[in-house]
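Notes to accompany the following structure.
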Protein chains: 2
Amino acid sequence: MTEIERKLDSNGIRPTAMRILIYKYMAEKNNALALTDVEQAFLKAERTTLYRTIKTFEEKGIVHQIDDGTGVLKYALCEPGCNCEIDRDLHLHFHCNSCDKTICLTQHKIPHINLPEGFMAEDANLVVKGICDSCSAY
Amino acid sequence: MTEIERKLDSNGIRPTAMRILIYKYMAEKNNALALTDVEQAFLKAERTTLYRTIKTFEEKGIVHQIDDGTGVLKYALCEPGCNCEIDRDLHLHFHCNSCDKTICLTQHKIPHINLPEGFMAEDANLVVKGICDSCSAY
DNA sequence: TTATTAATTGCACTTCTGTTGCATTGTTTA
DNA sequence: TAAACAATGCAACAGAAGTGCAATTAATAA
Ligand SMILES: [Mn+2]
Ligand SMILES: [Mn+2]
Ligand SMILES: [Zn+2]
Ligand SMILES: [Zn+2]
């Protein structure tokens, strides 16, 4: 049993061949991925299978969904300390206007926002857009 | 020439009947609206016309688009002091999980976020989700 | 091991939102 | 008034997300 198989198994996900491949693929990328990205990487696989695999990962808490404002949902593996199912891991996300990649800034938490009287915060989403480190390195 | 006609005109928008109606409708709502919301309010109007009207408003800088994370784009009139075209008016938005309305918190600006080395911010989007003042008033 | 049951995958199809092309109608300007 | 331009109506398209169901595959009980 490999590292990945153990990871999936311990989260109540049956480690099928497809799931292991997708997990591995997501793990080796350091940016968030859209379903179409995964599709491109596994051209012979069914879109629905990829879709449901990612959804399963999400439900089981090993992947979180990111709305980066592009209109396409992105997904990224949860970092070791990420507790996105428990009380939502409020780290921010960065979307590069140049390379179009979206990445998790896991250690950058969303600052506390004080709201007007009567408003109660339960969750928050902060996306910063600009130029990423790779693209600004010229 | 009414107030609204003057407003449209001064922003380079020809004040047609439809545009005046839509502007009026958006002005009397205090929450952001989806295209479908406007559609519901003007059942006899063409969706495309509504769509293009809003887009025109946006281009001319009297309306700004809001991505509240619901997957449906929302639009709201810019407040008097809003300079969303110039350098992006970075106020935050609140989405109520109860009534599903999204509102502009115009005076609540997005706090400055310091990013890792090499990252340059150009824009930001902050959406806080929770319970709005109307819904919490029980 | 074999039969039964449950989970996963493949395929087809649907819904929703956003968007565009183009002909028609309406408005402005020479 | 005629030409030029802008707005609208209608049709159709594109992309993403999601569902139903049959066919496979894997797990479990007998
Ligand atoms: Mn993340
Ligand atoms: Mn706003
Ligand atoms: Zn980049
Ligand atoms: Zn509410």
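Because the structure is predicted, anything quoted here is derived from the model rather than measured. Throughout, a chain's letter reflects where its sequence line sits, starting with A, and its residues are numbered from 1.
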For this session: May I ask you to decide if B:Leu50's main-chain N or O and B:Lys55's side chain share a donor-acceptor pair within less than 3.5 Å?
Result: no
Problem set entry | Sugar-phosphate, base or nothing in reach of A:Arg19, heavy atoms under 4.0 Å | sugar-phosphate
Exercise. What integer distance in Å separates A:Glu46:CD from D:dA22:C1'?
Worked result: 14 Å
Problem set entry | Value in whole Å for how far the C1' atom of C:dT19 lies from CG of B:Leu50 | 14 Å
Which pairs, protein N/O on one side and nucleotides 24-30 of chain C N/O on the other, fall under 3.5 Å?
none

For this session: Using whole Å, report how far CD of A:Glu39 lies from P of C:dG10.
Result: 13 Å
For this session: Give a yes or no on whether the backbone of B:Phe119 and the side-chain of A:Ser136 come within a donor-acceptor separation of less than 3.5 Å.
Result: no
Exercise. Is the number of heavy atoms from other residues, nucleotides or ligands within 6.0 Å of NZ (A:Lys24) greater than 12?
Worked result: no
Problem set entry | Gap between atoms CD1 and P, on B:Ile54 and D:dT8 respectively (whole Å) | 12 Å
For this session: Answer yes or no: does a side-chain N or O of A:Thr49 lie under 4.0 Å from OP1 or OP2 of C:dT8?
Result: no
For this session: Calculate the interatomic distance between A:Asp67 atom CG and C:dT17 atom C1'; express it in whole Å.
Result: 14 Å
For this session: Applying side chain to side chain donor-acceptor pair (under 3.5 Å), run through A:His93 and A:His91 and close with a yes or a no.
Result: CA-CA 7 Å; A:His93 294 106; A:His91 62 266; 3.0 Å; yes
Exercise. Mind checking whether B:Ile22 and B:Phe57 have side chains closer than 4.5 Å, heavy atoms only?
Worked result: yes
For this session: Let me have a per-nucleotide readout for nucleotides 12-18 of chain D, 5' to 3', with B, S or -, counting only protein heavy atoms under 4.0 Å.
Result: B---SBB
For this session: Taking the side chain as every heavy atom from C-beta outward, state whether B:Met120 and A:Cys135 have any pair of such atoms under 4.5 Å apart.
Result: no
Problem set entry | Within-4.5 Å side-chain heavy-atom neighbours: A:Ile66 and A:Val127 | no
Exercise. Side chains of A:Leu105 and A:Val128: closer than 4.5 Å at any heavy-atom pair?
Worked result: no
Seminar exercise, completed: When rounded to whole Å, the CZ to P distance for the pair B:Phe57 and D:dA6 reads 17 Å
Exercise. Roughly how many Å is it from CD1 in B:Ile66 to P in C:dG18, rounded to a whole number?
Worked result: 13 Å
Problem set entry | Spacing of B:Asp37 atom CG and B:Lys101 atom NZ [to the nearest 0.5 Å] | 10.0 Å
Problem set entry | N/O donor-acceptor pair, side chain B:Arg52 with base D:dG9, under 3.5 angstrom | yes
For this session: Could you state the atom-to-atom distance from CD of B:Glu59 to P of D:dA7 in whole Å?
Result: 11 Å
